[in-house]
2 protein chains.
Amino acid sequence: MRTLGDTHDTALLRRLNTRAILLALRQSGPQTLTQLARAAGLSRQTAEAALSDLTERGLAREVAPTEGRAGRPARRFTFRAEAGHVLGLDVGPRRILAMLADLNGDVIEERRLDADEHTPAAERLVLAERAATACVEAAGSARGGLWAAAAGTSGVVDRSGRVSVSTIVPGWTGLDLAGQVGRWFGCPGFAANDANLAAVAEHWRGSARHVDDLVYVLAGYRSGHGLLLDGRLRTGRTGSAGELGGLPLSGWEDSSVVLAEAGRDAAEIFEAAREGDEQALAVVDRLAHGIARGASALVLVVDPELVVVGGGFSRGGESLLARIRAHLAEMCLNPPEVTLSTFGEESIALGAVRMALDHVERERLGL
Amino acid sequence: MRTLGDTHDTALLRRLNTRAILLALRQSGPQTLTQLARAAGLSRQTAEAALSDLTERGLAREVAPTEGRAGRPARRFTFRAEAGHVLGLDVGPRRILAMLADLNGDVIEERRLDADEHTPAAERLVLAERAATACVEAAGSARGGLWAAAAGTSGVVDRSGRVSVSTIVPGWTGLDLAGQVGRWFGCPGFAANDANLAAVAEHWRGSARHVDDLVYVLAGYRSGHGLLLDGRLRTGRTGSAGELGGLPLSGWEDSSVVLAEAGRDAAEIFEAAREGDEQALAVVDRLAHGIARGASALVLVVDPELVVVGGGFSRGGESLLARIRAHLAEMCLNPPEVTLSTFGEESIALGAVRMALDHVERERLGL
DNA sequence: CTCAATTATGAGAAGACGCGACGTAAAGCT
DNA sequence: AGCTTTACGTCGCGTCTTCTCATAATTGAG
């Protein structure tokens with residue numbers, strides 16, 4: 001039955017200590033046995049045992065000792081990030097981006113393919129697979145060598161990684177994206193909503209590095225909200241957390257309407273605004289207002305530490321941000337910080353990488 | 001430094017196993033050594049060691065063996081719930097409720113005092129202390145014998161347990177409620193928003209027992225929203241999660257306005273509605289609409305498994321609930337279940353009990 | 001080139017814990 | 001009284017961790 005926790009024999013200690021060493025190992029480059037032991041809070045002997053275990057499993061490697069220092073040279077070990085690879089995919093309405101990363105999450109290969117809004121589902125999937133395969137092959141990794149893969153896409157993606165609602169991408173509704181991606185490479189596959197993955201990426205290495213509660217606003221041709229609480233993605237029961245579709249917010253304008261009225265596309269508007277064009281500034285303000293309106297619902301509900309603005313409009317830069325801040329301050333008693341996305345359009349694929357890594361770390365590294 | 005986890009010596013095993021035994025012990029009444037060992041997944045010897053440890057700490061007690069069975073009588077142990085007590089307080093605008101509970105969370109004493117909206121802060125605190133002290137003394141427990149105490153109140157309560165905004169209770173803003181409560185009994189003190197604590201109570205033993213993501217709607221003279229995600233209370237950065245004050249929701253009527261227009265109080269309305277009074281039914285529908293409007297924001301943002309409706313209006317019963325469900329279904333694509341609160345007006349104090357117990361379990365029982 | 005100083009390694013002993021096994025104790029049943 | 005049943009309690013073993021100390025490998029000074 002085992003409902004009250006796992007077995008607690010001495011093997012658990014070994015696992016825990018190996019885990020501590022692995023974490024210490026990944027903190028930085030090659031380290032000596034003593035350094036690792038101290039970092040993990042263990043004795044040198046225990047550290048040694050853990051390292052020999054990790055080395056056997058291919059996760060650690062001994063490297064040449066440093067020269068030029070007095071005393072017996074210390075054995076040095078490093079994390080074998082190349083022991084496995086994960087794939088992150090962004091299958092967007094207009095763009096497909098594949099990233100191959102090692103176990104450190106460092107991106108090794110990257111492929112980008114263009115699509116358009118009308119590309120049918122089957123063809124879009126072929127493009128995605130092509131981009132992904134190109135990455136894997138370029139890295140010289142065997143096709144079956146992937147440890148996990150994840151994909152982000154527009155629309156509501158449920159817990160199992162199936163697209164349950166998609167209004168933008170034709171033929172997407174009902175697609176088992178996670179299963180598809182997993183089948184391509186014979187590895188565990190995952191899928192999530194694009195804004196959610198972008199939030200994950202920003203929290204991992206981007207603007208939201210230092211916070212654990214954040215709202216990500218994807219604003220642009222693709223739009224949506226991502227929610228990260230306690231450092232964990234929150235997609236909700238059906239995966240539609242943050243999808244405000246039905247919320248009757250007064251004065252909530254869709255950006256496409258605003259842009260259509262203005263008769264110019266976003267890039268032109270931002271460019272003109274930068275040059276002081278009054279009409280463009282007004283449009284930027286209306287866009288900011290709409291973004292803030294949507295964000296305010298999330299902010300008031302979860303009271304996050306940070307709002308990260310990403311997506312195409314984030315090219316609007318600080319001027320757009322300033323307007324969003326101003327509008328948000330009007331709507332919230334105690335508004336959170338608002339900042340720009342670090343990774344821009346790469347954040348979705350990067351978040352997918354992180355999602356795949358999460359699985360690998362949990363299941364294969366035992367972290 | 002110790003950032004990578006605690007020491008992992010064999011003492012950890014002991015702690016973990018003792019914890020497993022403690023959990024098993026609390027699952028039900030007196031159990032034999034063998035039963036406990038099996039439930040915790042440990043050997044009998046280990047279970048025995050853990051139990052002797054727990055007995056020494058006063059958390060377990062050996063009881064008389066069962067008679068009438070063949071074989072050597074088995075030693076039986078039980079959790080000593082009376083080893084400590086916690087206090088839960090609801091300091092509301094119109095009512096003060098104190099509950100004293102043992103370590104099982106079973107309420108032993110309960111005191112209720114009436115106040116009104118105009119009672120000044122100092123006097124309200126005196127009433128609260130009086131109710132609490134009465135509970136403690138009635139239980140024959142020493143005044144210093146409390147292990148933890150928590151209080152719920154209207155308004156925004158920050159992480160530290162300080163009331164940062166209170167519109168209902170006069171003089172409440174700025175009050176360090178957690179500190180106050182702790183000082184009364186010389187024990188750790190906590191405080192939180194009432195709707196949040198109600199959510200905690202419903203999740204603990206009420207309607208939300210079986211789910212981990214829920215939205216609680218406090219509807220009545222006191223109103224507000226409580227948010228529980230992954231079984232944990234979410235109060236946000238400043239404690240104002242779920243406070244929708246500034247959200248420009250179209251068609252969001254305040255219940256007090258609706259009732260004022262109707263010219264009857266809530267109890268009358270619900271009574272009349274039960275008898276089929278058409279005008280009353282219309283008012284109930286308007287109330288339900290308002291409740292659903294507010295709830296919809298939380299539901300769309302976090303996509304919970306369940307919405308629990310509590311507070312004074314929950315006396316409106318199934319008929320109100322049905323209207324709320326109907327309105328919510330219009331606003332959400334995939335509406336969650338909606339159910340009535342189990343504990344009604346007691347849920348806030350009960351949630352406070354749970355909050356105090358959380359601290360005790362974490363810090364004193366090591367769970 | 002040699003020797004001291006430095007730094008890390010590796011083996012051995014001791015302590016703590018958990019588990020399986022076996023003999024023993026205490027009850028009911030015949 | 002003896003048998004059966006059930007659980008207790010002790011013993012020994014293996015694992016894990018840490019401490020200690022002798023040993024090994026390097027640098028740098030004379």
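First the proteins, then the strands, lettered A, B, ... as listed; each starts at 1. Please read all numbers here as calculations on a predicted model, not as lab measurements.
Side chain Gln45(A) to base dT20(D): a donor-acceptor pair is found below 3.5 Å.
Atom C1' of nucleotide dA24(D) and atom CZ of Arg44(A) are separated by 12 Å, given to the nearest angstrom. Atom CG in Asp53(B) sits about 15 Å away from atom C1' in dG18(C), given to the nearest Å. Here dA7(D) presents its P atom at 15 Å from CG of Leu51(B), a figure rounded to the nearest Å. As rounded to whole Å, 13 Å separates atom P of dT18(D) from atom CG of Leu33(A). Atom CZ in Arg76(B) sits roughly 15 Å away from atom C1' in dT6(D) (whole-Å rounding). If you measure from atom CG of Asn17(A) to atom C1' of dT18(D), you get 12 Å, rounded to the nearest angstrom. As a whole-Å value, the separation of Leu13(A) CG from dC19(C) P is 12 Å. For the pair Arg14(B) CZ and dC16(D) C1', the computed distance is 15 Å after rounding to whole Å.
Closest to the side chain of Arg72(B), from the set dT18(D), dA16(C), dT24(C), is dT24(C). Nearest nucleotide to the Thr10(B) side chain, out of dC16(D), dC19(C), dT9(C): dC16(D). Picking from dA16(C), dA27(C), dT9(C) the nucleotide with the shortest atom distance to the side chain of Pro73(B) gives dA27(C). Side-chain proximity of Thr46(A) to the nucleotides dC8(D), dT17(D), dC19(C) is greatest for dT17(D). Among the nucleotides dA16(C), dT9(C), dA7(D), the one closest to the side chain of Thr34(A) is dT9(C).
Thr55(A) and Ser52(A) are not linked by any side-chain donor-acceptor pair at a separation below 3.5 angstrom, with hydrogens and angles left out of the test.
How far CG of Leu59(B) is from CZ of Arg26(B): 10.0 Å, rounded to the nearest 0.5 Å. Distance check: Thr32(B) OG1 to Arg38(B) CZ gives 8.0 Å after rounding to the nearest 0.5 Å.
In this structure, Arg209(A) forms no cation-pi arrangement with Trp204(A), as its terminal cationic atom is not both closer than 6.0 Å to the ring centre and no more than 45° off the ring axis.
Residue Leu214(A) forms a side-chain contact (heavy atoms from CB on, under 4.5 Å) with just one option from Leu228(A), Leu229(A), Val302(A), and that option is Leu228(A).
OP1 or OP2 of dG9(D) has at least one side-chain nitrogen or oxygen of Arg75(B) nearer than 4.0 Å.
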